[in-house]
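Contents: one structure, followed by commentary.
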Amino acid sequence: MKSFIDHLECTYCGKTYPENKPIRLCEACGKVLYARYDASAAKKAVKREAIKDRPASMWRYFEMLPVHNEANVVTLQEGWTPIIPAPKLAKAIGSQSVVIKDEGINPTGTFKVRGISAAISKANELGIKSVTMPTAGNAGGACSFYAARAGMGAYVFMPKDAPEANQKEVVHAGAKLTLVDGLIGEAGKQARKLAADSGFFDLSTLQEPYRAEGKKTMGYEIAEQMRWTFPDVIMYPTGGGTGIVGIWKAVFEMEALGWTDGKRPRIFAVQSENCQPIVNAFKKGAEFAEPWPTPHTIAHGMRVPSAIADYLILRVLRESKGGGVTVSDQEIIEHMRLVARTEGVFVCPEGAATAAGARKLIADGTISPDEKILLLNTGSGLKSLELL
Ligand SMILES: *Cc1c(COP(=O)(O)O)cnc(C)c1O
Ligand SMILES: [Zn+2]
């Protein structure tokens, strides 16, 4: 198989860069870089029917992923997660149609492995030997296991109140862990300092181009699993926003490949009422988000007070005719229980937030009861036992 990656492009100023050497952000404006592909060549080379017999992992979309040589791929068979019908949950929240894409069955129990598999694989191809990252928790866990598999060094910075599961998994996989007195922003400062001092490659969310490439495969899978179309609504628990921008990128790539019918999903960002920089900026009509001053929520994946891709996330919400909604910690716990008891799915707090958020948007008329809703359960509830 052949990758049709062609170059990198700044999402803000449009400057382009070659993809054959390590780079993080746009050197001209400091904003986010996207991988760009030769979609018309890929369209000729691979028909969507040919994907059917590929491995049950996100690497089934190899032509639209950034690694050239298959031997460089670092994988634990992440992705190709099930979409589970949830009729009883739908009824409970006032909808006629709800499905859950269950990312909790991924290696390390969360969808973070998609981004990490893509980023570590590309780093591997580019000859990088050691990586560092700040994390709210799950990305650090994923990074540690994939670095172990790749034979790379990994150095993870995490807030000291991050979930126990995350602290332990990093150490267990043999990565170096520093617990930071502060939030993910402070962890980011320390990771950048290590990168500057020692040459570790910094894999911070959307501060290198390839984690978003891994997470975009959720968009490809949703379409393929729904017979090459999209649901009306996708509910996304939003932290740094890698997945939300990735899914929207996939929507356009698949249209260019001729794989989908042109229908686009409405995408909603779900955040905590105590950490809602994106939802707040969306409601104000702003281009960028102000950092949220006092972020606290039990859903650590959404405890991200400022996102470098704020302008990209906000564009997705507007262009897709979606929006934003916030939920309380109390509602998160209640919906973890509700999803477990109605559908038998052990969702993580962030996944539960999507159910609570959908309920509110149906109640206020933003989402109509007959729209088909996909809830993205981003991880397994088993990683948050301390909440129950
Ligand atoms: C990281 C994380 C999120 C937020 O994902 P982004 O793509 O960074 O917005 C949501 N849920 C869980 C479980 C996470 O680990
Ligand atoms: Zn730029």
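One-based numbering, in listed order, for ligands and for the atoms of each.
Between Y12 and F288, the ring-plane angle classifies as tilted under the 30° and 60° cut-offs. Using bins of under 30°, 30° to 60° and over 60° for the plane-to-plane angle, the ring pair W259/W228 lands in the perpendicular bin.
When the heavy-atom distances from atom 15 (O) of ligand 1 to K215, R303, K112 are ranked, the shortest goes to K112.
With the Zn ion (ligand 2) at the apex, C10 SG and C29 SG define an angle of roughly 100° (rounded to 10 degrees). Of the angles at the Zn ion (ligand 2), the one spanning SG of C13 and SG of C26 is 110° when given to 10°.
Of the protein's heavy atoms, G240 N, 3.2 Å lies nearest to atom 8 (O) of ligand 1. For atom 11 (N) of ligand 1, the nearest non-hydrogen atom of the protein is T378 OG1, 2.7 Å. Of all protein heavy atoms, the one lying nearest to atom 5 (O) of ligand 1 is F111 CZ, 3.3 Å. Of the protein's non-hydrogen atoms, the one nearest atom 7 (O) of ligand 1 is Y236 OH, 2.5 Å.
Using a 4.5 Å cut-off between side-chain heavy atoms of Ile, Leu, Val, Met, Phe, Trp and Tyr, with links allowed through other members, L361 and I93 fall into the same hydrophobic cluster. Note on I244: it clusters hydrophobically with I222, by side-chain heavy-atom contacts below 4.5 Å among ILVMFWY residues. Grouping the Ile, Leu, Val, Met, Phe, Trp and Tyr side chains by contacts below 4.5 angstrom, directly or via other members, places Y220 with I267.
The G239 neighbourhood of ligand 1 comprises atoms 4 (C), 6 (P), 9 (O), with distances under 4.0 Å to a heavy atom of that residue.
Salt-bridge annotation for E371 and R266: present, with a side-chain N of the basic residue lying under 4.0 Å from a carboxylate O of the acidic one.
The cationic group of K2 lies under 6.0 Å from the six-membered ring centre of F4 and within 45° of the ring axis, placing it in a cation-pi geometry.
Considering backbone and side-chain atoms alike, T110 places every N or O at 3.5 Å or more from each N or O of ligand 1. Residue contacts with ligand 1: T238 is placed with no nitrogen or oxygen under 3.5 Å of a nitrogen or oxygen of the ligand (distance criterion only).
If you look at H300 next to ligand 1, there are no close heavy atoms at all, none under 4.0 Å. Residue N138 touches ligand 1 through its side chain alone, judged by heavy-atom distances below 4.0 Å.
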